[in-house]
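Since the structure comes first, as structure tokens, the remarks are kept for the end.
Since the model is a prediction, treat every value here as computed from it, not as a measurement.
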Amino acid sequence: MSALTNGYSLAALISLAFLTGCAGTQPVPYTGVTSSTQMKPDTQDDSGHIAYSFSAPTDWNKYSRAILDPVVIYQGADAQFDDVSPEQKQALATYMQQTFGKNVGERFPLTNVITPGTLRIRLTLTGAETTTPVLGTFSRFDLMGGPYNIVQSVRGKQGSFTGSVSYAVEIYDAPSNQLLKAYISKQYPNSLNIGASWGALSAAETGLDKGAEQLQDQLQ
């Protein structure tokens, strides 16, 4: 009976660990983000990654350049950094600056000078989850995690034990400081992306790659 009980206990622990790994935090309307009071829950985003947004009618073609402010690491009490060290936060902020700068620069030449026809883009890193070592990769193949991650891949949802990144984007007309668009997004790799399951920050960095492409699409 003791062995049987222990077997059930082990199975319960494995199941609990798996379910915990599948659960991910959802973005909130971070109170310390300047435009948070203007954003509403986004029910139109087909990707399922944008949680809150604001948008004013804007002709993006009238803009010819953009200022990309340095990425801010959010310090509010409602930040969602799950066991992410200060060094990891800084590494993600640096990576975000580089990858978003590259993608924005493909749409608008980057500048530091405010002139008519210039956008100002502010990025705030508001949260991140690291990938669980070993379990993040192993759960792609085991009998419990494999089917789950296949379903998540089809649904475009987050995989088990996989990291993610959350952030706010605010886009202004630089000369007038008028808010044109703002949104809060959570990004993560496809649940079957094995390469993004190696390394604590690999999934979050893949999420930032996807987020940079998403911003480029928002500016079309």
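At a cut-off of 3.5 Å, with distance as the only test, a side-chain donor of Q214 or S185 sits close to an acceptor on the other residue. There is no side-chain donor-acceptor pair under 3.5 Å between T206 and D209. Side chains of E170 and S35: a donor-acceptor N/O pair is present below 3.5 angstrom, by distance only.
Using cut-offs of 30° and 60° on the angle between ring planes, the pair Y188 and H49 is tilted.
Minimum interatomic distance between S36 and T31 (heavy atoms only, all atoms of both residues): OG-O, 3.8 Å. Heavy-atom minimum distance, I184 versus V28: CD1-O, 3.5 Å. Scanning all heavy atoms of the two residues, the minimum distance from N177 to Y172 falls at O-CD2, 3.4 Å. The two residues G163 and A203 come nearest to each other via the heavy atoms O-CB, 3.4 Å. Across every non-hydrogen atom of L119 and L219, the tightest pair is CD1-CD2, 4.3 Å. Across V104 and A66, no two heavy atoms sit closer than the pair CG1-CB, 4.1 Å.
Counting heavy atoms from C-beta outward, V72 and R122 have side chains that stay 4.5 Å or more apart. At least one side-chain heavy atom of V84 sits less than 4.5 Å from a side-chain heavy atom of T130. With contacts defined as side-chain heavy-atom distances shorter than 4.5 Å, the pair L215/N103 does not qualify.
Atom CG of N112 sits about 9.0 Å away from atom CZ of R120, to the nearest 0.5 Å. Separating the CD atom in E87 from the CD atom in Q90 is a distance of 9.5 Å, to the nearest 0.5 Å.
Remark: E106 engages K102 in a salt bridge (Lys or Arg N to Asp or Glu O under 4.0 Å) (not counting sequence neighbours). Checked against salt bridge (Lys or Arg N to Asp or Glu O under 4.0 Å), D82 has no partners two or more places apart in sequence or in another chain. With sequence neighbours excluded, no residue forms a salt bridge (Lys or Arg N to Asp or Glu O under 4.0 Å) with R65.
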Take L201 and Q88, measure what side chain to side chain contact (heavy atoms under 4.5 Å, CB included) needs, and give me the verdict at the end. CA-CA 8 Å; L201 298 182; Q88 289 174 322; 4.1 Å; yes
Side chain to side chain contact (heavy atoms under 4.5 Å, CB included) between L125 and V165, worked out: CA-CA 8 Å; L125 181 65; V165 63; 3.4 Å; yes
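A side-chain contact (heavy atoms from CB on, under 4.5 Å) with I50 holds for exactly one of Q218, K186, M39, Q187; it is Q218.
Clustering of Ile, Leu, Val, Met, Phe, Trp and Tyr side chains at separations under 4.5 Å leaves V113 isolated, with no partner residue.
Residue pairs meeting the ring-ring contact (aromatic ring centres under 6.0 Å, His included) criterion with at least one partner in residues 52-84, sequence neighbours excluded, are Y30-Y74. Residue pairs meeting the ring-ring contact (aromatic ring centres under 6.0 Å, His included) criterion with at least one member in residues 103-123: none, sequence neighbours excluded.
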